[in-house]
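One structure is given here, and the rest of the page talks about it.
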Amino acid sequence: MFHNLEKNIHAAFRDGLLARFGLDTDFGLEQPRQSSFGEIAVPVAFQLARTLKQPPAKIAAELVDVVGSIPGVAAMEVAGNGYINIRFDRAAFAETVLKGDAVPASKPGKTIIEHTNINPNKAAHIGHLRNAVLGDTFVRMLRAGGRRVEVQNYIDNTGVQVADVVAGFHFLEHKTLADVAALINGAERFDFICWELYARTSQHYKDNPEALAWRASTLHEIEAGTGELADLAHLVADNIVKLHLATMLRLNIQYDVLPRESEILHLKFWAAAFELLKDRKAIYLETEGKNAGCWVMPSSAFRGDDEANEDSKVIVRSNGIVTYVGKDIAYQLWKFGLLGRDFYYRHHTLYADGHQVWVSTDHRQDLPEPEFGNGETVYNVIDVRQSYLQDVVVAGLKALGFSGQAERSIHFSYEMVALSPRCCADLGMTLSEEDAKRPYIEVSGRKGLGVKADDLMDKLVSTAFTEVALRHPEDNEAAQLAVATEIAMGALRYFLLKFTRNTVIAFDFQEALSFEGETGPYVQYSAVRARNIFRKLDARGETIPDFTTALSHEAFARHFADEDLWQFFLTASKSDSAVERATASGEPAQVAKYAFQLAQTYNNFYHQFQVLSEPDAERRIFLLWMTDFFRLQLERTLSVLGIAVPAYM
RNA sequence: GGGCGCGUAGCUCAAUUGGAUAGAGCAUCAGCCUUCGAAGCUGAGGGUUGCAGGUUCGAGCCCUGCCGCGCCCA
């Protein structure tokens with residue numbers, strides 16, 4: 001579609017630049033400000049004006065001359081003292097779209113995306129949702145572009161957060177393994193119970209600092225892997241992971257593999273990485289100062305080497321305990337297939353669509369095992385607060401001599417989800433005077449301060465359900481609920497995607513619960529409208545005409561002489577281009593923006609043209625084809641966003 | 001103290017990475033429902049892009065200095 005023609009035009013100008021000026025400059029194409037200027041603008045002449053010491057308009061004219069004719073392009077003209085404006089051959093473009101052009105060729109190499117990564121010690125909150133939705137949408141974007149992607153969800157089942165909940169159950173509440181097992185099977189959600197317990201345990205530590213000894217002994221047992229506390233840790237973490245996967249499935253988010261911290265420990269990933277780091281002199285044993293006895297990475301490795309006295313990063317503490325960064329480096333090496341060790345895997349969850357999630361294990365299984373890791377490019381979806389640690393991990397790769405992999409280790413960062421002061425009030429939280437003046441308040445799992453993911457989703461579903469039941473009282477409740485769920489999840493995914501990554505989301509119920517304006521349901525609604533036209537057609541006993549035989553080149557030329565129709569069509573043809581652009585800039589919000597723009601455009605078309613009552617036979621077929629094309633593009637774009645199209649709205 | 005990021009309409013955000021007249025939604029006001037269902041559409045008002053300089057054909061975007069806010073490291 002649009003993207004193919006775009007690529008051809010770009011290539012033609014590249015060749016032209018080489019032929020006429022002998023230059024291989026990087027340049028972009030853009031959309032002209034006004035539609036009357038044409039479909040694509042090439043601003044490259046401005047770029048060259050300085051180096052060539054010639055006026056942009058002159059360069060542009062020469063370029064147009066040397067490029068000559070491009071298939072699918074009707075005209076090129078120089079305007080605005082240097083822009084080259086390009087007009088498509090409308091009928092020819094429509095015909096290529098009608099015939100359906102090639103799907104993107106599958107690209108070599110595997111991309112690994114790690115996202116979600118929630119500590120398995122409590123219920124997921126909205127911050128985790130932003131992570132998972134961003135990660136999942138980026139996965140969908142890459143796959144739509146023909147890339148092979150593996151989705152990893154790392155499980156830190158041996159960390160401090162799990163230990164604190166285990167300590168809470170054991171020391172604070174004196175619960176046995178059997179007691180906790182009973183809670184898991186009980187009526188109340190286990191992750192919600194842990195949410196409260198985690199907050200209570202944290203508060204207890206604060207009031208009784210000596211109780212921190214609980215954490216230490218729990219961590220010790222977990223690391224050793226035996227004893228009641230270690231068993232309890234597995235019980236808690238395994239069950240909460242199941243709940244997290246179910247929560248994410250509500251939002252159409254799936255995973256391929258769950259690498260766990262426990263296997264990183266048992267399979268001695270760190271030991272392998274440690275040897276590598278020592279061998280290649282990436283870290284050294286500090287002999288003096290506050291870090292004496294620690295293995296550290298010199299600061300020059302991960303910061304500008306301007307200041308000599310900056311702090312180096314401790315990788316192994318003097319007591320021999322490895323820090324998080326150390327383990328992260330080992331895991332990152334494994335993702336690239338550079339560690340020389342591997343996990344074993346067993347089945348975890350089987351989704352209804354047949355997709356199998358695997359989880360790491362520490363011994364060989366009987367069943368044939370899949371291959372994970374060994375990626376070419378690795379994206380870590382982690383919030384911006386972890387930037388420093390991510391930099392250290394990349395510096396580790398670089399210090400080991402893996403500079404290519406270091407460059408292809410991408411911290412896919414995003415800003416946090418905070419709570420608006422009004423939202424805090426809604427939740428019945430009392431804020432300090434200082435906090436109340438802030439634009440937003442940070443979520444804190446330790447304080448139990450936050451909006452639980454499932455609570456929010458339930459609230460959205462019930463809001464949507466009320467509306468659906470009101471609009472479609474004729475349908476049964478189960479079907480109404482199914483529709484309401486799709487609308488609710490569409491609203492939530494869109495809400496989390498419409499902000500660019502480095503915008504802090506100050507969460508607000510009123511905004512998130514809105515189904516009007518720039519929202520997921522708005523886009524879903526226009527897709528439903530397009531489908532309804534075909535449903536109506538079917539109800540009248542008519543069949544969809546064969547557009548390929550019914551619409552000729554001449555017919556397209558006639559109908560696309562109408563500027564409005566042409567602009568509608570043009571917008572709809574850009575879905576692949578929008579996704580490609582968004583992928584290049586790593587910004588899923590751009591796909592969301594395009595989806596909204598596409599829906600707006602379709603709604604305009606819908607109001608401006610009555611399809612089924614159109615008296616002219618050929619024009620009616622043409623409008624039906626337009627409707628079909630809009631429907632397809634809306635569905636495709638929504639599927640990239642992971643948003644379903646409800647049966648009705 | 002050091003590092004990273006942010007500041008755009010009353011509010012929440014965009015702006016194709018330096019491009020043509022800075023755009024959307026919400027809110028406000030004025031209109032459009034015998035139905036391809038209004039979760040929609042049309043229109044109006046609302047801007048010195050925090051402030052002051054600089055770089056160039058061109059700056060919301062780049063550079064410098066302030067002011068305000070947030071996060072991370074110590």
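Every chain is numbered from 1, with letters handed out A, B, ... down the list of sequences.
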Close N/O contacts between protein and nucleotides 45-47 of chain B (under 3.5 Å):
none

Would you list the protein and nucleotides 49-51 of chain B atom pairs, both N or O, that sit under 3.5 Å from each other?
none

For a quick check, with a 4.0 angstrom heavy-atom cut-off, what is the B/S/- contact string for nucleotides 6-11 of chain B, read 5' to 3'?
S-----
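A heavy-atom distance below 4.0 Å to RNA chain B is reached by these residues of residues 565-587 of chain A, ordered by number: R581(A), S585(A). Less than 4.0 Å separates RNA chain B from at least one heavy atom of each of the following residues of residues 519-547 of chain A: Y522(A), Y525(A), R529(A), N532(A), I533(A), K536(A). Of the residues in residues 613-647 of chain A, not one places a heavy atom less than 4.0 Å from an atom of RNA chain B. Across residues 593-607 of chain A, K593(A), F596(A), Q600(A), N603(A), N604(A), Y606(A), H607(A) each have a non-hydrogen atom less than 4.0 Å from an atom of RNA chain B (numbered order).
A donor-acceptor contact under 3.5 Å links the side chain of Q34(A) to the base of U21(B).
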Pairs of donor and acceptor atoms involving the side chains of residues 24-31 of chain A, under 3.5 Å and at least two apart or interchain, shall be tabulated with distances.
{"unit_1": "Q31(A)", "atom_1": "OE1", "unit_2": "K574(A)", "atom_2": "NZ", "d": "3.3"}

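In terms of the side chain to side chain donor-acceptor pair (under 3.5 Å) criterion, residue partners of Q390(A) (sequence neighbours excluded) are, by chain and number, N380(A). Partners of Q34(A) by side chain to side chain contact (heavy atoms under 4.5 Å, CB included), not counting sequence neighbours, listed by chain and number: S36(A), F37(A).
For residues 637-649 of chain A, every residue pair satisfying the side-chain hydrogen bond (donor to acceptor under 3.5 Å, both in side chains) rule, not counting sequence neighbours, is listed here: D475(A)-Y648(A).
Taking the six-membered ring wherever Trp is involved, the centroid distance between the rings of F609(A) and F622(A) does not fall below 6.0 Å.
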Go ahead and write out RNA chain B as dot-bracket, 5' to 3': ( ) for pairs within the strand, [ ] for ones crossing earlier pairs, | when the partner sits on another strand, dots for unpaired; Watson-Crick or G-U wobble, both distances under 3.5 Å.
(((((((..((((.....[...)))).(((((.......))))).....(((((..]....)))))))))))).
